[in-house]
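Written out below as structure tokens is the structure these notes cover.
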2 protein chains.
Amino acid sequence: MKADLRPVPDSTPAVGMPRPSDRASIRRDNLGVVLRLLRDGGPRSRVRIAADTGLPKPTITGLVGELVALGLASEGTVERDGSIGRPGLSVHLDGRDVCGVGAEISADYVGVLAMTLRGETVFEQRVPVAVAAAEVGSVLDLLAGLITRCLADIAGRGVRPAGITLAVPGVVNTAAGRVDYAANLGWRDVDVLAAVRRRLNPNAPALRLENDAKLAAVAEYLAINDAAVHDLLYVTGETGIGGGIISGGQLLRGAAGFAGEIGHMPLDPERRPCACGRLGCWETMVGLSALLRLAADPDDPVHNPTVDVEQRLAELKARALAGDERTLAAFDRVAADLGLGIGLLADVLNPRAVILGGYFTHVGELMLDRIRSVVRERVMAPDAGGCRVEVSRLGFSAPALGGAHSALERVYQDPAARP
Amino acid sequence: MKADLRPVPDSTPAVGMPRPSDRASIRRDNLGVVLRLLRDGGPRSRVRIAADTGLPKPTITGLVGELVALGLASEGTVERDGSIGRPGLSVHLDGRDVCGVGAEISADYVGVLAMTLRGETVFEQRVPVAVAAAEVGSVLDLLAGLITRCLADIAGRGVRPAGITLAVPGVVNTAAGRVDYAANLGWRDVDVLAAVRRRLNPNAPALRLENDAKLAAVAEYLAINDAAVHDLLYVTGETGIGGGIISGGQLLRGAAGFAGEIGHMPLDPERRPCACGRLGCWETMVGLSALLRLAADPDDPVHNPTVDVEQRLAELKARALAGDERTLAAFDRVAADLGLGIGLLADVLNPRAVILGGYFTHVGELMLDRIRSVVRERVMAPDAGGCRVEVSRLGFSAPALGGAHSALERVYQDPAARP
């Protein structure tokens with residue numbers, strides 16, 4: 001039994017403190033270590049797993065055997081470790097019959113996605129809904145209906161869910177399962193988790209609530225899967241601006257899970273009013289509304305809320321590529337202000353990568369040069385502290401994918417207890 | 001042998017990933033766990049150590065025996081665990097003959113301090129020097145002289161150093177042992193570590209370089225020693241503003257060790273020029289120069305650089321307590337701007353505590369009410385995300401104390417290898 005020195009959620013250790021371990025916990029932890037190695041490093045021989053983990057070869061043989069018996073790993077094609085030596089059986093991540101379920105409530109849609117341990121998306125559905133204009137109860141009905149359909153669908157294929165994680169934009173109290181404040185949904189103090197649970201079959205797997213940008217940051221971090229990147233800032237642009245921080249390979253949640261609230265940094269000298277009631281917040285400079293305001297007069301069709309956002313962004317992109325001066329100036333302005341805030345956050349957090357998600361997925365490429373030059377100019381550390389700025393490769397799926405990863409986390413923590 | 005999957009400094013694990021462990025590493029880790037428990041939790045019986053760590057009683061007996069044999073723990077006064085049961089021998093942290101050495105180069109002085117494992121300061125000396133006006137070589141001569149005197153002094157008492165950590169304000173490359181940029185020292189690209197090492201006896205213990213505010217944050221975190229505080233932001237005010245972040249009980253260093261650079265957030269709509277060459281940086285609003293500028297005309301004696309800073313701050317404090325309107329207005333302005341930046345950082349990091357060090361140690365109490373009210377007003381999460389703002393209890397000793405703690409860290413990581 002591995003025990004924490006303090007009760008959750010205050011079980012965080014002292015500086016550099018390892019948790020106590022005993023023999024009973026080693027095997028569980030090492031199963032997880034090997035499983036993560038297969039996920040992050042790809043297929044490899046037992047010999048190489050032993051070398052990569054520093055564990056003895058007989059231990060690895062035992063661990064791999066148990067993972068194979070659990071259906072979480074498989075042995076397959078022959079692999080040569082380098083150019084010399086005997087070829088060995090390659091071990092790869094499996095778990096085709098175990099999945100995590102990620103659900104999302106965004107301002108414009110609700111969606112549910114199921115992803116197996118080995119990374120296949122086996123279910124994905126999204127239903128457009130203007131959440132702020134709808135009744136909370138009807139939104140939750142819709143979401144619970146999607147989750148129920150997802151669970152039935154995967155059960156029909158023999159895939160078992162490890163858990164469900166629900167992504168919501170705004171200030172989320174994970175422990176209480178409550179959305180404290182979600183400006184873009186128009187929600188305040190909504191007990192989302194209990195309300196969704198009531199709408200599901202009592203046998204539904206464990207349900208968890210988390211901020212959408214935090215989950216998206218986890219998904220982006222795992223998608224990048226670069227041995228040089230363990231400090232990452234995810235910035236998502238929608239009506240508002242959300243953030244998720246990975247620090248030293250861990251999601252930074254802060255003392256009460258509220259970390260990553262980056263949209264309301266008071267950076268605008270013009271002090272425009274923000275939806276939050278404050279003045280000059282960063283999201284009034286770089287949110288979607290700011291781009292649209294700068295790019296087009298109020299009667300321009302790109303402002304039409306009944307037209308899909310991706311379509312309106314495509315129109316703006318086309319104008320920019322055609323050389324339209326106002327559009328180009330708008331992108332330049334937003335890019336410079338994005339660089340200003342990203343530079344500030346790079347000074348505070350020193351991330352290796354900044355990933356731009358949400359609406360930036362569609363038009364970020366047009367702004368990258370300008371963003372990067374402002375970041376280089378603003379950051380105090382040499383060469384911007386080694387920080388690179390990139391556009392998300394996951395787009396609007398990132399929060400739900402992160403939810404699925406988050407739900408699968410319990411399999412990595414205790415592989416033998418897989419559903 | 002516990003092995004990392006990736007070479008240092010990129011050995012950070014994937015999200016939530018424990019490091020692989022084997023039987024040989026358990027004892028070392030568990031020795032450290034017990035040692036930290038005694039440091040952070042105070043003296044306690046073996047029975048209670050077993051309960052606190054979740055390890056079996058016989059294991060604890062073995063671990064405590066080894067720590068006592070190493071001189072790192074002692075058994076002492078009788079303690080009763082609660083009101084019932086047999087009284088048991090209490091185990092407490094010892095290590096009176098092992099110390100960490102913390103050295104500091106600040107804008108105004110160089111200093112060296114040695115602290116034993118059980119927390120006694122056994123050596124402390126500080127020499128005033130206006131570093132920016134002095135030759136780099138002569139500053140390092142002075143520092144190396146102090147370190148040499150410290151090592152001779154503690155050797156004479158039979159105390160052995162686990163290491164030396166040097167605190168420097170500014171952008172520090174720890175891996176290279178280089179100060180990249182320290183505006184307030186007037187240093188750029190100085191290979192401090194090699195230069196100090198050349199000036200020391202070849203038998204001197206391992207030397208490490210770190211940013212002063214990061215080390216101060218570690219010292220403040222360990223001094224607070226509150227089971228509810230594992231996320232902390234340290235803000236130090238001198239000519240510049242420095243920051244150190246503890247996140248989940250760990251020092252947040254970022255991808256290349258540059259995290260915590262909080263002095264240059266572009267928050268001032270008046271865009272005053274900063275020493276860094278940019279406009280409107282936070283330190284132009286809340287650094288010591290800003291307070292002095294707001295509080296007094298240029299010919300006022302509080303601006304006299306030949307008078308000790310603490311004395312000038314005492315004069316300002318006296319004026320404020322006497323009700324001088326200009327002084328009160330200056331404190332109010334600086335407090336409001338401190339609250340603005342702290343609120344931003346509390347949104348990003350969600351710390352449980354913000355600790356004000358440096359010059360704020362002397363006048364922070366006068367500003368706390370105002371700072372707290374602005375933070376409450378600015379932070380998006382309810383009740384400022386549970387964040388409390390306090391004045392440092394360690395004052396100007398914090399960086400060197402943090403250096404000593406940092407040097408002692410190797411004892412916690414492998415108690416059996418103590419010097």
Side-chain angles (χ1 to χ4, degrees), chain A residues 1-3 5-6 10 12-18 20-22 26 29-30 32-33 36-37 40 52-55 171 180 218 221 227-228 230-231 247-252 254-256 258-259 261-262 264-267 269 276 340 344-345 347-352 380-382 385-386 409, chain B residues 1-3 5-6 10 12-18 20-22 26 29-30 32-33 36-37 40 52-55 171 180 218 221 227-228 230-231 247-252 254-256 258-259 261-262 264-267 269 276 340 344-345 347-352 380-382 385-386 409:
Chain A
M1 266 280 306
K2 181 177 277 197
L5 296 182
R6 301 184 183 94
D10 286 322
T12 43
V15 175
M17 178 170 175
S21 53
D22 56 30
I26 302 171
D29 288 352
N30 284 348
V33 166
R36 284 181 213 270
L37 177 64
D40 301 333
D52 290 340
T53 59
L55 295 172
V171 177
D180 285 330
V218 169
Y221 172 59
H230 297 287
D231 298 86
S247 170
Q250 301 281 343
L251 179 64
L252 192 154
F258 296 123
E261 196 60 69
I262 61 175
H264 303 277
M265 303 190 291
L267 297 184
C276 73
L340 191 73
L344 185 167
L345 294 167
D347 265 349
V348 175
L349 300 165
N350 185 215
R352 177 71 73 208
M380 293 294 291
E409 184 57 26
Chain B
M1 265 279 304
K2 183 175 276 199
L5 295 181
R6 302 185 181 92
D10 286 323
T12 42
V15 176
M17 179 170 177
S21 54
D22 56 30
I26 301 172
D29 288 352
N30 285 347
V33 166
R36 283 181 213 269
L37 177 64
D40 300 334
D52 290 340
T53 59
L55 295 172
V171 177
D180 284 332
V218 169
Y221 172 60
H230 297 286
D231 298 86
S247 169
Q250 301 280 344
L251 179 64
L252 192 155
F258 297 123
E261 196 61 68
I262 62 175
H264 303 276
M265 304 190 290
L267 298 183
C276 74
L340 191 74
L344 185 166
L345 294 167
D347 265 350
V348 175
L349 300 165
N350 185 214
R352 178 70 72 207
M380 293 293 290
E409 184 57 27

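Labels below follow one simple rule: chain letters A, B, ... track the order of the sequence lines, proteins then strands, and each chain is numbered from 1.
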How far does NE2 of A:His264 sit from CG of B:Asp347, to the nearest 0.5 angstrom?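 It comes to 7.5 Å.
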To the nearest 0.5 angstrom, please state how far the CE atom of A:Met380 sits from the CD1 atom of B:Ile262.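 Nearest 0.5 Å value for the CE-CD1 distance: 12.0 Å.
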What's the shortest heavy-atom distance between [X] and [Y], and which atoms?
X	Y	value
B:Leu252	A:Leu349	CD2-O, 4.0 Å
A:Leu267	B:Pro266	CD2-O, 3.8 Å
A:Phe258	B:Gly385	CD1-CA, 3.7 Å

With only heavy atoms counted, which part of B:Pro351 is less than 4.5 Å from chain A, the side chain, the backbone, both or neither?
->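 For B:Pro351, the backbone is the part near chain A, not the side chain.
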Donor-acceptor pair, distance only, cut-off 3.5 Å: does the side chain of B:Asn350 make one with the backbone of A:Ala255?
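Judged by distance alone, yes, a pair lies under 3.5 Å.
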Q) If you count heavy-atom pairs under 4.5 Å between each of A:Leu344, A:Val171, A:Leu345 and chain B, which one has the most? A)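 If we count pairs closer than 4.5 Å to chain B, A:Leu344 comes out on top.
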Taking B:Pro382, B:Cys276, B:Pro269 one by one, which has the highest count of heavy-atom pairs under 4.5 Å against chain A?
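Option with the greatest count: B:Pro382.
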